[in-house]
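Just so it is clear, the values below take in all heavy atoms, side chains as well, and ignore hydrogens, waters and symmetry mates. Nothing here was measured: the structure is a model prediction, and the numbers come from that model.
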There are 2 protein chains.
Amino acid sequence: MKQNLKPTESELEILNILWTFGPSSVRDVHEKLLLTKEAGYTTTLKLMQIMLEKNLLGRDVSGKSHIYTALVDKEQTQGQMMKKMIETMFNGSPVQMVMQALGNHKASKSELEMIREYLDKKIKK
Amino acid sequence: MKQNLKPTESELEILNILWTFGPSSVRDVHEKLLLTKEAGYTTTLKLMQIMLEKNLLGRDVSGKSHIYTALVDKEQTQGQMMKKMIETMFNGSPVQMVMQALGNHKASKSELEMIREYLDKKIKK
DNA sequence: CATTTGTTACGAAATCATTCGTAGTTATCT
DNA sequence: AGATAACTACGAATGATTTCGTAACAAATG
């Protein structure tokens, strides 16, 4: 019954929108998607229907337009994706990945400080 | 002439082997690959030939067996992949990603300390 | 009521990624 | 040389993902 097929790239984009904005119609999702990429409406629709079949999404059919919800957990999915990436590109070392992320993408000083604080707590334990 | 097609999952595995071990024959790569996954020899061969066409790899044809080299930079490629992941799953925030990585994957205390040190340096600048 | 607009359903094409069989080449070994 | 082993080349099957057209229907509009 339960399965956890890894979401595809496009599916992730949709999941992220639902995680961020909560339950939404296809049109809502589609409009958010357009901010980032080209896509036809029926393409988005079809994708979401497929995700429904894969149990990545659920939906409420009672109204005129159907309302979809993410059925997979955000943190868990992020974790899985990261794990895979760490394995295939960072030889299994999360630390390597973190340094790469911090090195390449500029974070503000206050963001860096947040991380340091977080680390401090983690190290003390 | 220039192109930067994002490497596929399988291609990343191969790139990572070449980054780690340096220029290698198909057989060498294939053997390393086998430690992790099932794969036929000609499958690996074909993949590497395709990567050659995409200019992800170069090769030296002078010997009996060809020797392949990664033509794309490790850090740069990692960076691109991370960037995309940060965009599609972490709403563009590298910090969110880092915290997720540190939270979900256990790192040893000394590893964490390495990161903190790195951060300290970065913050001072 | 007739038309336009917005929606779902769904098949099927297009594209991309992966896998493998087979043929042919070159080297090695007896 | 002849046989065997290790390669490369490459077409083609398979599989997965993405894209889109078209049909059908429902709601809203004039």
Side-chain angles (χ1 to χ4, degrees), chain A residues 3-18 23-34 36-69 72 77 80-81 84-85 88-89, chain B residues 3-18 23-34 36-69 72 77 80-81 84-85 88-89:
Chain A
Q3 81 321 329
N4 253 339
L5 296 176
K6 149 179 82 107
T8 67
E9 192 67 22
S10 307
E11 289 173 345
L12 273 180
E13 289 172 354
I14 289 172
L15 280 175
N16 195 47
I17 288 171
L18 291 173
S24 314
S25 66
V26 173
R27 180 142 311 272
D28 287 343
V29 170
H30 182 57
E31 254 145 36
K32 308 260 162 51
L33 229 39
L34 284 183
T36 317
K37 53 139 54 172
E38 280 301 287
Y41 177 80
T42 55
T43 302
T44 305
L45 172 65
K46 178 71 168 192
L47 271 174
M48 291 176 74
Q49 286 170 344
I50 289 170
M51 291 170 79
L52 182 75
E53 261 161 31
K54 294 193 192 171
N55 289 311
L56 292 170
L57 304 186
R59 76 176 167 188
D60 174 357
V61 144
S62 62
K64 167 192 167 137
S65 62
H66 302 174
I67 299 298
Y68 289 79
T69 325
V72 293
T77 306
Q80 279 172 214
M81 295 292 113
K84 170 146 234 160
M85 188 165 220
T88 68
M89 284 189 47
Chain B
Q3 77 328 318
N4 252 339
L5 296 176
K6 150 179 83 110
T8 67
E9 193 66 24
S10 306
E11 289 173 345
L12 271 180
E13 289 172 355
I14 290 172
L15 281 175
N16 195 47
I17 289 171
L18 291 173
S24 313
S25 66
V26 173
R27 180 143 308 274
D28 287 343
V29 170
H30 183 241
E31 255 146 34
K32 309 258 160 53
L33 230 38
L34 283 183
T36 315
K37 51 138 57 173
E38 281 299 289
Y41 177 81
T42 55
T43 302
T44 305
L45 172 64
K46 179 70 168 190
L47 270 174
M48 292 176 73
Q49 285 169 344
I50 289 170
M51 291 171 79
L52 182 75
E53 262 160 31
K54 295 192 192 170
N55 290 312
L56 292 171
L57 306 185
R59 75 175 168 188
D60 174 357
V61 145
S62 63
K64 170 195 168 135
S65 63
H66 302 174
I67 300 297
Y68 289 78
T69 325
V72 291
T77 305
Q80 279 174 212
M81 295 291 114
K84 170 145 234 161
M85 188 164 220
T88 68
M89 285 190 45

Handout entry: Degree of bending, the helix from C/dC1-D/dG30 to C/dT30-D/dA1 (end axes from five pairs; round to 10°)
Key = 10°
Practice task
Any ring-ring contact (aromatic ring centres under 6.0 Å, His included) involving residues 45-64 of chain A? Give me the pairs, sequence neighbours left out, ordered by first then second residue.
Solution key: none
Problem - Pairs flagged by ring-ring contact (aromatic ring centres under 6.0 Å, His included) wherever residues 44-68 of chain A is involved - sequence neighbours left out - result: none
Practice task
Check side chain to side chain contact (heavy atoms under 4.5 Å, CB included) between B/L18 and all other residues, then give those that pass, not counting sequence neighbours.
Solution key: B/I14, B/S24, B/V29, B/L57, B/A70
Completion exercise
side chain to side chain contact (heavy atoms under 4.5 Å, CB included) filter on B/E9, not counting sequence neighbours, yields A/K84, A/T88
Roughly, in whole Å, what's the span from [atom1] in [X] to [atom2] in [N]?
{"X": "A/E53", "N": "D/dT18", "atom1": "CD", "atom2": "P", "result": "15 Å"}
{"X": "A/I50", "N": "D/dG15", "atom1": "CD1", "atom2": "C1'", "result": "14 Å"}
{"X": "B/K6", "N": "C/dT15", "atom1": "NZ", "atom2": "C1'", "result": "13 Å"}
{"X": "A/M51", "N": "D/dT19", "atom1": "CE", "atom2": "C1'", "result": "16 Å"}
{"X": "A/L47", "N": "C/dA14", "atom1": "CG", "atom2": "P", "result": "19 Å"}

Fill in the blank from the handout: Whether each nucleotide of nucleotides 7-12 of chain D has a protein heavy atom under 4.0 Å at its base (B), only at its sugar-phosphate (S) or at neither (-) is summarised, 5' to 3', as SBBBBB
Heavy-atom closest pair, residues [X] and [Y]:
{"X": "B/T69", "Y": "B/P23", "answer": "CG2-CG, 3.9 Å"}
{"X": "A/E11", "Y": "A/L56", "answer": "OE1-CD1, 3.6 Å"}
{"X": "B/L34", "Y": "B/A39", "answer": "CD2-O, 3.6 Å"}

Set of side chain to side chain donor-acceptor pair (under 3.5 Å) partners for [X], sequence neighbours left out:
{"X": "B/H30", "value": "none"}
{"X": "A/K37", "value": "A/E13"}
{"X": "B/Q49", "value": "none"}
{"X": "B/T77", "value": "none"}

Fill in the blank from the handout: What residues 7-16 of chain B contributes to the DNA chain D interface at heavy-atom separation below 4.0 Å is none
